[in-house]
Amino acid sequence: MAERIHVYIDHIRGEPLGSSWEALGAAHQLAEELGGTVTAIVLGSEVGALAEAALEHGAEEVLLGQDEAMAEFRTEPYASALAAILADAEIVLFPDTGRTRDLAGMLSVDLDTGVIPDVTALEVEGGRPRATRPSTRASCSPRWKSPRLRLSSSLFAVAPLRRGKVSTRLGKSLPSRSAFRIERRRSWAIGRGRRRSA
Amino acid sequence: MNIVVCVKQTPDTAATITVENGEVSWGESPLVLNPWDEFAVEEALRTKEQHGGTVTAVSLGSQEAEEALKQALAMGCDEAVLVSDPDLAGADSLAVAQALAKAIQHVGEVDLVFFGRASVDSATGVTFTQTARHLDWPLLTQVAAMEELDPQVGSLTVERLLQEGRQLVKSSLPAVVSVTKEINEPRYPSFMGIRKASKAEIPTWSAGEIGLDGPSAPKVYWPELFAPPEQRTECEFIEGETAEEKGRKLAERLVEEKIL
């Protein structure tokens with residue numbers, strides 16, 4: 001089953017937070033086993049360079065959402081933006097950077113799906129991903145019934161792959177989630193399909 | 001101020017947790033009020049003491065969870081409510097949050113909801129986030145200090161403790177707040193409080209009563225539970241007549257183990 005695996009790239013004013021690339025690596029491993037592709041998501045203001053960096057770190061595509069109002073991270077509007085972008089997503093990985101726990105939690109409500117934080121291992125079993133996380137000082141391995149999952153991940157390597165890019169423009173209105181709009185202005189045309197050597 | 005504090009009953013952190021036949025067991029240890037939630041209860045009580053109003057403790061679980069609510073009452077909460085329904089057995093954090101949001105709305109015109117930073121058992125730390133999203137209220141997590149609260153204007157300023165530093169955040173009310181252990185020192189239940197709590201009749205609300213028809217089926221479940229790999233440590237004494245001999249033998253041993 002070919003699946004698109006999405007990875008949220010966390011950053012502070014364009015500076016990537018380390019485990020974002022680890023999450024990208026974890027996504028690649030999963031994509032290889034499931035036969036899917038990896039799409040990175042970069043939200044913010046003036047973060048084009050970070051989108052490029054995500055491609056260099058191995059994302060096959062990047063969904064870039066930029067707006068001045070998105071310059072400072074705030075959980076609610078960021079979650080609304082993600083919910084709009086990821087309405088049909090199957091698997092979304094988050095780096096565990098502290099605030100992504102809140103972000104993934106809100107997104108899970110918007111998409112009516114599960115969230116598995118603190119994931120320490122990801123495997124594929126019977127064509128479905130399966131995550132392991134610590135709990136109650138014993139390790140537990142929850143598995144999800146729904147075709148989607150959210151999790152924070154850590155500690156994986158990265159491998160550069162193909163290039164591709166999508167630009168998404170975000171609306172101005174911010175605080176209320178209902179007021180938040182995403183416009184897909186540009187198509188999947190920019191620099192797509194070029195293979196990068198490792 | 002109409003304040004709600006959401007609490008959970010968990011195993012004692014002093015309990016020895018084992019995994020037997022895929023089930024987590026904490027032996028004969030008692031179940032307690034989730035230690036992180038004590039900070040939330042304390043902050044709810046302090047807020048009430050400063051601004052007036054009532055504090056209602058809300059928990060979701062089996063009848064057993066009444067004990068955790070009694071501890072919250074003994075600390076000084078005015079009311080306690082247990083949300084319990086067979087339909088909620090096996091609920092994941094998403095379903096729990098949905099039920100808690102409904103229960104909070106059922107309490108009435110609530111201004112502020114407090115949560116602890118996570119439960120010590122499942123430890124997902126997302127229930128308050130999901131509850132806030134269900135309510136569509138502002139969410140303030142990792143709160144280490146309540147800086148300013150104005151119930152008349154309906155505004156709240158808090159200090160959040162983040163990985164990157166401290167952040168001052170202003171929000172409107174009603175809001176959902178999750179607190180860290182830096183925020184306060186939870187009080188011990190008073191003797192009078194314990195007496196009052198032991199006599200208290202705690203109302204139980206079913207899913208239907210809080211307007212939850214058919215809670216959402218769990219999206220996450222646990223197909224397997226296993227104990228973490230055991231960490232083995234061995235202790236070896238290096239014997240010798242003199243300090244020099246001991247040192248030499250130790251060095252040889254370390255080279256043998258490829259440490260040096």
Side-chain angles (χ1 to χ4, degrees), chain A residues 10 12-13 15 17-19 72-76 79-80 83 96-120 125-126 128 130-152 175-178, chain B residues 10-11 13 15-20 22-26 92-95 97-98 101 117-142 160-164 167 169 172 178 216-229:
Chain A
D10 201 10
I12 293 176
R13 291 184 202 106
E15 280 299 310
L17 293 171
S19 51
E72 289 291 333
F73 176 87
R74 271 189 287 160
T75 321
E76 283 92 349
S80 299
D96 193 348
T97 59
R99 59 196 192 179
T100 46
R101 188 183 291 263
D102 291 346
L103 192 59
M106 282 197 183
L107 185 62
S108 74
V109 172
D110 288 12
L111 300 183
D112 191 28
T113 189
V115 55
I116 308 173
D118 307 315
V119 168
T120 55
E125 201 186 81
R128 294 301 312 159
R130 176 189 172 113
T132 301
R133 71 179 297 263
S135 170
T136 329
R137 280 182 281 158
S139 279
C140 306
S141 160
R143 192 190 200 159
W144 43 94
K145 277 177 183 163
S146 104
R148 294 174 176 142
L149 89 119
R150 321 267 156 242
L151 41 78
S152 1
S176 152
R177 63 168 149 156
S178 53
Chain B
T10 63
T13 46
T16 307
I17 307 284
T18 54
V19 181
E20 290 156 16
E23 293 283 333
V24 173
S25 162
W26 44 87
D92 61 2
S93 67
L94 191 71
Q98 188 190 23
R117 62 164 291 178
S119 64
V120 296
D121 53 358
S122 54
T124 56
V126 292
T127 308
F128 43 82
T129 309
Q130 293 171 321
T131 305
R133 196 64 164 179
H134 273 298
L135 290 166
D136 211 0
W137 291 359
L139 170 72
L140 303 159
T141 55
Q142 291 160 285
R160 299 179 65 212
L161 197 61
L162 306 179
Q163 281 178 4
E164 308 87 67
Q167 188 184 53
V169 185
S172 61
S178 85
S216 70
K219 304 287 193 296
V220 177
Y221 68 106
W222 313 75
E224 186 190 351
L225 286 150
F226 54 89

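A, B, ... follow the sequence lines: proteins, then strands. Residue 1 opens every chain.
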Applying a strict 4.5 Å limit to non-hydrogen atoms, the region of Leu139(B) in contact with chain A is both
Legend entry - Thr75(A) and Arg101(A): side chain donor to acceptor below 3.5 Å: no
Does the side chain of Asp10(A) pick up a donor-acceptor pair with the side chain of Thr100(A) at under 3.5 Å?
-> no
One option among Thr124(B), Val126(B), Thr127(B) has the most heavy-atom pairs under 4.5 Å with chain A, and it is Thr124(B)
Between Leu111(A) and Ala83(A) the two heavy atoms that sit nearest each other are CD2-O, 3.9 Å
Determine, stepwise, if the pair Ser178(B) / Arg160(B) fulfils side-chain hydrogen bond (donor to acceptor under 3.5 Å, both in side chains).
CA-CA 10 Å; Ser178(B) 85; Arg160(B) 299 179 65 212; over 6 Å; no
Okay, Ser93(B) and chain A: the region with an atom under 4.5 Å from a heavy atom over there is side chain
Turns out that what part of Ile12(A) lies under 4.5 Å from chain B's heavy atoms comes down to side chain
